[in-house]
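Computed from a predicted structure; not experimentally measured.
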Amino acid sequence: MSQSDTNILADEAYFSHTRPDAISLGANSANGIFGVVHDLGNLIQVATSALNMISRSPNIEIAPTLRPIFASARISLQRAGTLVQQTMRLASDGNAAAEPVDIRACLMEIEALARATWDHNIAFEIYASETLPIFRCSRVGLQSAIMNLLLNARDAMPDGGVISIIATAIDDERAAAGIELRISDNGLGMTEDVLRRASDPFFTTKASGLGGLGLPMVNRFVQEARGHLRLESEPGRGTVVTLRLPVDG
């Protein structure tokens, strides 16, 4: 084992045991959240180093089908790193950089990533109008929000299913100009009680107890965009999440 490999394993062992109380601190302290995000950044660096090490293995050369999986994993880690940097910046000055975003292109990128890395029993149906207006926001924030919704949809379909993504321009004289983004699945759905609590931080129905931040993060992104979030769901009939995002005239 090389020295770099040893360093990776040492770093992983260290960070897996550090800051055990950071989550509880984060619930009541900005410093706790800052510390958690900082450690996440370090863990991302460890994972990236490990991925680079594995991708250089001679075994990868005889398994070319793994190359797109490694590429997708590397892109995911890069985006995760960007999210960490953005969160650290927000914690420091509260400002997130907004830029013109092509939602149609953004959806295509996310779909390609999910198709390359998810099980084939998850199908996608995507429609994005060619006349969508340009939306100004944090590109990483938008991609993170959409990916969180897709992950929720995937987890709601343990036996597979269809995720539908529809993006259309809001064409209603009674409403401000904007974009409507609808993400739906034909999964397990939610009861009324779960639906009411779905956007509460740290609320989760997963047996592991992990999760509970996806929808709150989506909700925060929508609020910062001066938009609206609507959830519709029934047990056994799936879930529909609608984001209405205004654009500047």
Return the set of residues passing side chain to side chain donor-acceptor pair (under 3.5 Å) with [X] (not counting sequence neighbours), or none when no residue passes.
X      : result
Glu99  : none
Arg226 : Asp248
Thr239 : Ser233
Thr168 : none

Exercise for review: Take Leu181 and Leu107 through the side chain to side chain contact (heavy atoms under 4.5 Å, CB included) test and state the conclusion after the steps.
Suggested key: CA-CA 10 Å; Leu181 184 62; Leu107 291 177; 4.1 Å; yes

Below 4.5 Å, heavy atoms only, C-beta onward: do [X] and [Y] meet side chain to side chain?
X      : Y      : value
Leu188 : Pro158 : yes
Leu245 : Val247 : no
Arg182 : Ser164 : no
Asn152 : Asp185 : no
Ile126 : Met108 : yes

Point to revise | Flag, side chain of Arg230 to backbone of Thr242, donor-acceptor distance under 3.5 Å | key: no

Point to revise | Sidechain-backbone polar pair: Asn219 side chain, Leu215 backbone, donor-acceptor under 3.5 Å | key: no

Grouping I, L, V, M, F, W and Y whenever their side-chain heavy atoms are under 4.5 Å apart, do [X] and [Y] come out in a common cluster?
X      : Y      : result
Val222 : Ile134 : no
Val194 : Leu229 : yes
Val101 : Leu243 : yes
Leu150 : Ile122 : yes
Ile146 : Leu231 : yes

Mind listing the closest non-hydrogen atom pair of [X] and [Y] along with its distance?
X      : Y      : value
Phe135 : Pro246 : CE1-O, 3.2 Å
Arg244 : Ile170 : NH2-CG2, 3.5 Å
Pro133 : Ala169 : CD-CB, 4.0 Å

First locate atom [atom1] of [X], then atom [atom2] of [Y], and finally report the distance between them rounded to the nearest 0.5 Å.
X      : Y      : atom1 : atom2 : answer
Arg196 : Thr191 : CZ    : OG1   : 8.0 Å
Cys137 : Ile179 : SG    : CD1   : 8.5 Å
Glu232 : Met190 : CD    : CE    : 10.5 Å
Leu149 : Ile183 : CG    : CD1   : 4.5 Å
Cys106 : Met147 : SG    : CE    : 9.0 Å

Exercise for review: May I ask you to list the residues sharing a hydrophobic cluster with Ile166, side-chain cutoff 4.5 Å, ordered by chain and number?
Suggested key: Tyr127

Check your understanding: Does the pair Met157 and Ile163 meet the rule for a side chain to side chain contact (heavy atoms under 4.5 Å, CB included), with working shown?
Key -> CA-CA 9 Å; Met157 302 185 297; Ile163 299 176; 3.4 Å; yes

Point to revise | Plane angle bin for Phe124 and Trp118 - parallel if under 30°, tilted between 30 and 60°, otherwise perpendicular | key: tilted

Practice item. Using salt bridge (Lys or Arg N to Asp or Glu O under 4.0 Å) as the criterion, list what pairs up with Arg136, not counting sequence neighbours. Key: none

